[in-house]
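Let me begin by presenting the structure, written as structure tokens, before commenting on it.
These numbers come from the heavy atoms of this one structure, side chains and all, not from hydrogens, waters or symmetry mates. Chain letters run A, B, ... following the sequence lines, proteins first, then strands; residues in each count from 1. All values derive from a computational prediction rather than experimental measurement.
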Number of protein chains: 2
Amino acid sequence: MRAPVTSGAYKPRGSKRMAEESHRQDSANLLIFIMLLTLTILTIWLFKHRRFRFLHETGLAMIYGLLVGVILRFGVHVPQSMSDLVLSCAVNASPATLLVNVSGRFYEYTLKGEVSRSKGHQVQDDEMLRKVTFDPEVFFNILLPPIIFHAGYSLKRRHFFRNIGSILAYAFMGTVISCFVIGLIMYGFVSFMKVVGQLGGDFYFTDCLFFGAIVSATDPVTVLAIFNELKVDVDLYALLFGESVLNDAVAIVLSSSIVAYQPAGDNSHSFEAMAMLKSFGIFLGVFSGSFALGSLTFSVYHVTKFTKLRDFPLLETALFFLMSWSTFLLAEACGFTGVVAVLFCGITQAHYTYNNLSPESQDRTKQLFELLNFLAENFIFSYMGLTLFSFQSHVFNPLFIIGAFVAVFLGRAANIYPLSFLLNLGRKNKIGSNFQHVMMFAGLRGAMTFALSIRDTATYARQMMFSTTLLIVFFTVWICGGGTMPMLSFMSILLSNEMSSAVLDGSQRRNTKHESAWPFRIWYNFDHNYLKPLLTHSGPPLTATLPACCGPLARCLTSPQAYENEGQLHDDDSDFILNDANVSSMYADVTVSTDASGSRTINRKHSSTASTGGDDGLDHELALAEHEVAIRGTRLVLPMDDPVELPTTVTLPPPPSPPRSDPRRHRL
Amino acid sequence: MRAPVTSGAYKPRGSKRMAEESHRQDSANLLIFIMLLTLTILTIWLFKHRRFRFLHETGLAMIYGLLVGVILRFGVHVPQSMSDLVLSCAVNASPATLLVNVSGRFYEYTLKGEVSRSKGHQVQDDEMLRKVTFDPEVFFNILLPPIIFHAGYSLKRRHFFRNIGSILAYAFMGTVISCFVIGLIMYGFVSFMKVVGQLGGDFYFTDCLFFGAIVSATDPVTVLAIFNELKVDVDLYALLFGESVLNDAVAIVLSSSIVAYQPAGDNSHSFEAMAMLKSFGIFLGVFSGSFALGSLTFSVYHVTKFTKLRDFPLLETALFFLMSWSTFLLAEACGFTGVVAVLFCGITQAHYTYNNLSPESQDRTKQLFELLNFLAENFIFSYMGLTLFSFQSHVFNPLFIIGAFVAVFLGRAANIYPLSFLLNLGRKNKIGSNFQHVMMFAGLRGAMTFALSIRDTATYARQMMFSTTLLIVFFTVWICGGGTMPMLSFMSILLSNEMSSAVLDGSQRRNTKHESAWPFRIWYNFDHNYLKPLLTHSGPPLTATLPACCGPLARCLTSPQAYENEGQLHDDDSDFILNDANVSSMYADVTVSTDASGSRTINRKHSSTASTGGDDGLDHELALAEHEVAIRGTRLVLPMDDPVELPTTVTLPPPPSPPRSDPRRHRL
């Protein structure tokens, strides 16, 4: 602190100068992170340029974070600032706002949080380290939403919905199983530690369960980055990606239900059925609430269908961005979980709203969320590295750490193998044992696990959890993330032997034609015939699908474009197929947005087939015929009683031909 | 506040629940703003769609803000929360952080600011209103930077640099004149008010000067929006826009120098030469420091010239964004003014870095900053409307308000007319008296004035200034902003009579060929021959421009692309001309990025001229010949002793032909 100014007239300037000083300090700290990110980006570029693949970019960000953490911890010695003052006032509550009467002037103070008693003084020790420590809520309110939204927005929708049953099984049942398995194993370890006398504080059963919940969230980032490059069957890829996206949502709701269960359980390990049920009720309530909000808010955006907003891409993009953000805020304001709402918002926006956007806005939104996701992700991972040294209350307990690694491994195994066995009983497109190993191995822990564990580090148990979680994230990202590529290259020989034909000529798709379960088929029909036409410009006009009695209503709700689209209905479905390429293009390896160019290519082909009847046209006819089988395979989920459809099936645009998508996939 | 939990075990949960409650409240408040923005966007669309022009979108945002302010003020009655607590502790300083010992537990509090003594209790009155009030620093650190950066990034560089002398004169001398004129007039008014007994508190001469500084900042937003649509001479437009951008920077530095001058002047109106000089020194120091930082930081980005980063647009865009942001933070951390640094950073980034970016990244960055600018701008203006009712300490003094309006009017007049007269003595392309009236009338006050005045509202004088400033902004945006269009439609008959030929056939450009003053010509030569080749891929290779003795150095610094570019050097300069179209496309009326398509078109024309010698080619030859005069006119600032240049002049790509750019300009 600058010399305390005591003469009355200059007081406000004194406090102002102090605020300025603190602002400069904040700017400098933020600058450190920006420089860190810059460094990461340059190195990522170098890695991409030189085709290094042994370390994923998030792993890289962590390493830089670690280095900066070491420097800040041991290298920089900031002169001790004595600006902190301990007031020992006799108040019996800790209000959110405090007015302090300093010699006649009132200063307003806001509550920042509780400081652990044992380090009431140690807190002052490392001003610098404390300054670079963010409020954990920053992760939940600023950094996670773009990441999760982007994951939802870039889900391969067709394959996601086709495998929705398996994905939900893994995400919901699997995460709950994993949570309880880890919780029980940890409880065993903790009991053992208590006997041995290695435990330095309280550690209840609910803490164990909480730990199980937070380390059960696998990270979609690395899955996305790695599996892009491999010719893995798209269905299985959708399975893995969908699971890792959805189990984030499950883990977050699960952990908050466990916290809500805690006070009723009196912090003991007694297992009360009633409290358990209540907790389960909270879980369901929060989950369905967030889901409903996420899915429904977008319908406000539905206005775009009837406006000519698409003439102004800037307005459209801004509106899209604001609506997605307001979903998050609305869920938070209602007491639901914003991150979960944002996930479902992303999925529904991609499914319905995306089709209403102008091509320009589609590009813009995709690029915007891509950028936000990229920055947030790298920031979180480099911050993770930093906290290993900057966090002040680490509790590293070797026994607990070993136990945690064992538990995480077993928990993942108890999720994947039994569920895969059960699912294989009902699946036509079996989940091979090789792929099960891959799922087991690729279950990295990342941003969500970190954010959940840093949220509350007040008690001894939570501090130990946080330190251990950090190590688990490091290990999985560096070792598993780095090892997945070699492992997959080894496995992919088997995998590609098993499936290469499937991917290349679509025969696998023929095999899966009857795989879609009836709930999905019913939902698909409903979606295709009613929801899509209602909410977007695509799909058959409502006048064709609704019963005659609803005629006036249908006419009123059908946009003029829908009639125009009637002939080329299937572009919409080809969009589904193109999403494959779409997701792959997310990682900046591809300059041109594949989706846009893809559809443009298709349009060109369309017209050339229609206009020229020469050799070129004939070639296309052949190509169409060649691909038709594959397309029919993917289209069999459509109702056979739809009269509009069958005659037009022949004019379907071909899916992206293998030679065009191959260079991207093989880029190793 | 929820019932205070007193049993030891639940303390942390109690404060946690309170934090959650406060978080939900915050989310709800933020949601109000998002909804406000959404509403604004939809109405803007409606206005654009229906071609309403009488109200600018920022004026619209203010109206919505006003409405919400009224509702919050009079409609919503939030049950009184008693969570605030007045602690009367005997401390003799107000530290930034406070540790409060509440029955054995330590809570950390951070200083939020001083609360005016007189309303030590009133502060608690309107929890809701207080909640929607942002920390003023949010404007400076989050909302202003994107707006100012975007203004700098979208300056019409060619015309800006051609008129740099006049722009600097208006921005620096003009703003200082305006500041002192307003300050003196206000001092007269305030003295009169003191005599009459209308003044309720202290109001010093430095306060008057401060007021003069903040209301001297004119807003580029409306200038940009309105003049786009008119066929005003591009040079004059650059003059107006450049002035309004730069005087923001001058006003911000000026006002902070005045504040720094205050304590030395002992808050009295005594006019000390030394203190004045010191203040002037601070002004120069801060300004040149921010300028240097803004211009130099980008050279870190210079690495991009030698890397192949352009293969990865996402990385490139992210890096670009981070570098621009770090300029801001660096300036703040050094104690300079971040906003000013960001302005010059934007100008230099657009001048040098933009050429190094891949076309994809050029689009991405432009769209990104456009979106950020749009959101920030509308947010500030709707917040302005809101504060009229939500701000708790308004001081509306009729005499002061009348005085302020008179002073603002006279101050602007004392800036424009005398300076225009002086400048016209040296200018070939005279600033017509009509255009002087337009400059006078279009001097709207906007975001910067608001942000400067809300930054400090602690004293009576500052509160009165804030309330008055708010009214000035409202008046200028609604009345002047709304009236500019009709006024210009009336004036533009004269204006276009005067200049339409100039804009349409470029003859005006021929007239201005010798207009560029020698300092500009020297700088241009230096820039074109050394800086551009050094920092970008464009321009002549350094090996050609540097003396022979520097050969090895030049070879090392010249990128391979520069040699390739040697033949088509002039694309770079055509880029200058295209910037014209570039700026117009900012307001979302144009879907396709004109710059990108423009350069693509040129490339196509190039090749068609080269390959086909048919009728088409002949037409192009003719078109080229037709446009050559105009191009020569704009190119005469180039050194005549450059041997590389003359032979290649014939192959210059044509500037955007008038029919192509016209539809955009006429869209009224």
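- Annotation: the span from L368(B) atom CG to L372(A) atom CG amounts to 8.0 Å, rounded to 0.5 Å.
- Heavy atoms of L322(B) lying under 4.5 Å from chain A belong to its backbone as well as its side chain.
- The two residues S27(B) and E332(A) come nearest to each other via the heavy atoms OG-CB, 3.4 Å.
- Taking CZ of F33(A) as the start and CH2 of W325(B) as the end, the distance is 11.0 Å to the nearest 0.5 Å.
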Practice problem: Kindly indicate, with the supporting measurements, whether the criterion side-chain contact (heavy atoms from CB on, under 4.5 Å) is fulfilled by F321(A) and L375(B). | Solution: CA-CA 10 Å; F321(A) 176 75; L375(B) 290 177; 3.7 Å; yes
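- F374(B) contributes atom CZ, which lies 4.5 Å from atom CG of L315(A) (distance to the nearest 0.5 angstrom).
- Proximity to chain A (any heavy atom under 4.5 Å) is restricted, for N141(B), to the side chain, taken from C-beta onward.
- Rounding to the nearest 0.5 Å places CZ of R364(A) at 12.5 Å from CZ of R364(B).
- Neither the backbone nor the side chain of F328(A) comes within contact range of chain B; no heavy atom of the residue lies under 4.5 Å from a heavy atom of that chain.
- At a 4.5 Å heavy-atom cutoff, the contact between L371(A) and chain B is made by backbone and side-chain atoms alike.
- The CG atom of L314(B) sits 8.5 Å away from atom CG of N373(A), with the distance rounded to the nearest 0.5 Å.
- Among the candidates A318(A), G338(A), A28(A), the residue making the largest number of heavy-atom pairs closer than 4.5 Å to chain B is A318(A).
- Remark: M323(B) CE to I41(A) CD1 distance equals 10.0 Å, nearest 0.5 Å.
- Closest non-hydrogen pair, S326(B) versus I34(A), comes out as CB-CG2, 3.7 Å.
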